[in-house]
Amino acid sequence: MTYVTAHEAKIPALGFGVFRMSDAEVEAVVPAALEVGFRHFDTAQIYENEAALGRALTAAGAQRDQLFLTTKVWVANYTEERFLASVDESLDKLGVAQVDLLLAHWPGDTVPVEQQVAWLNAAQAAGKTRLIGVSNYNRSQLRAAIAASAAPIVTNQIEMHPYLGQSDMLALAAETGTPLTGYYG
């Protein structure tokens with residue numbers, strides 16, 4: 001397996017995302033993904049299939065220490081009362097004590113980036129995640145997140161594919177040492 005190293009974190013280069021998949025689809029396809037070698041699985045609160053992913057991984061006999069799990073906190077949970085509680089809910093649904101990578105899913109427009117990052121740092125400090133990152137942040141938001149974070153921002157997960165090259169974001173990634181994770185939705 002090929003890995004990406006980001007701020008000393010070793011992340012499988014290819015991940016299996018379950019965006020737009022029903023619970024039944026997740027439970028049917030995840031065992032096949034494991035069989036062909038996937039070990040990095042990506043979900044999110046808004047996908048509403050974290051529990052299905054957890055069940056599928058358990059049913060397939062996947063060993064936790066062999067997996068890299070990513071989930072994302074949805075913007076509706078960007079409050080003092082909801083952020084960490086929603087992470088606990090995600091952990092319960094996934095059936096794990098900790099995810100490998102926790103992302104703030106979108107920057108949103110009501111909560112400052114610095115506060116979002118503070119909550120990510122708090123989740124990491126509480127042992128709920130090994131690593132933190134962001135998703136769908138633009139260049140200025142990514143710069144603000146990096147500046148505000150006590151822990152490294154190990155990725156910015158953005159839409160990136162042959163029809164959307166993201167050259168400006170790639171340049172910023174190289175400048176800051178913050179790799180991009182590409183998705184196509």
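A quick note: this is a predicted structure, and the numbers were derived from the prediction, not measured.
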Candidate pair Asp100 and Arg64, rule salt bridge (Lys or Arg N to Asp or Glu O under 4.0 Å), full reasoning: CA-CA 10 Å; Asp100 297 288; Arg64 178 63 183 99; 3.0 Å; yes
Residues Glu50, Lys72; criterion side-chain contact (heavy atoms from CB on, under 4.5 Å); working and verdict: CA-CA 10 Å; Glu50 290 171 312; Lys72 300 177 249 346; over 6 Å; no
Residues Gln45 and Thr71: side-chain donor-acceptor under 3.5 angstrom: no
Main-chain N/O of Gly127 paired with Gln98 side-chain donor or acceptor, under 3.5 Å: yes
Donor-acceptor pair, side chain of Asn121 and main chain of Ala151, under 3.5 angstrom: yes
Donor-acceptor pair, side chain of Arg143 and main chain of Ile146, under 3.5 angstrom: no
Cluster check Val73, Val117: I/L/V/M/F/W/Y, side chain < 4.5 angstrom: yes
Euclidean distance, Arg139 CZ relative to Asp168 CG, rounded to 0.5 Å: 4.5 Å
Side-chain (Arg39) to main-chain (Leu34) donor-acceptor, under 3.5 angstrom: yes
Stepwise side-chain contact (heavy atoms from CB on, under 4.5 Å) test for Glu25 and Val18: CA-CA 9 Å; Glu25 290 168 325; Val18 295; over 6 Å; no
Cluster link Leu101 to Val99, ILVMFWY, side chain under 4.5 Å: no
Spacing of OG1 belonging to Thr181 relative to CD belonging to Glu159, to within rounding of 0.5 Å: 14.0 Å
Heavy-atom pair with the smallest gap, counting every atom of Val111 and Tyr78: CG2-O, 3.3 Å
Close side-chain approach of Arg55 and Glu27, heavy atoms under 4.5 Å: yes
Gap between atom OG of Ser167 and atom CG of Leu172 - 0.5 Å precision: 11.5 Å
Aromatic ring pairing Phe38/Phe16, orientation class (parallel under 30°, perpendicular over 60°, tilted between): perpendicular
Cluster link Val75 to Leu103, ILVMFWY, side chain under 4.5 Å: no
Interatomic spacing from OH in Tyr47 to OG in Ser22 - rounded to 0.5 Å: 15.0 Å
Gap between atom OG of Ser90 and atom CG of Leu69 - 0.5 Å precision: 11.5 Å
Student check: side-chain heavy atoms of Gln141 and Gln116 closer than 4.5 Å: no
Pair Gln157-Asp42, side-chain donor/acceptor within less than 3.5 Å: yes
same_hphob_cluster(Leu94, Phe83) at 4.5 Å side-chain heavy-atom cutoff: yes
Single-linkage hydrophobic cluster, 4.5 Å side-chain cutoff, Leu53 and Val36 together: yes
Backbone of Thr43 reached by a side-chain donor or acceptor of Asn49 within 3.5 Å: no
Heavy-atom closest pair, residues Gly177 and His7: O-NE2, 3.1 Å
Beyond-backbone contact of Trp106 with Trp74, side-chain heavy atoms, under 4.5 angstrom: yes
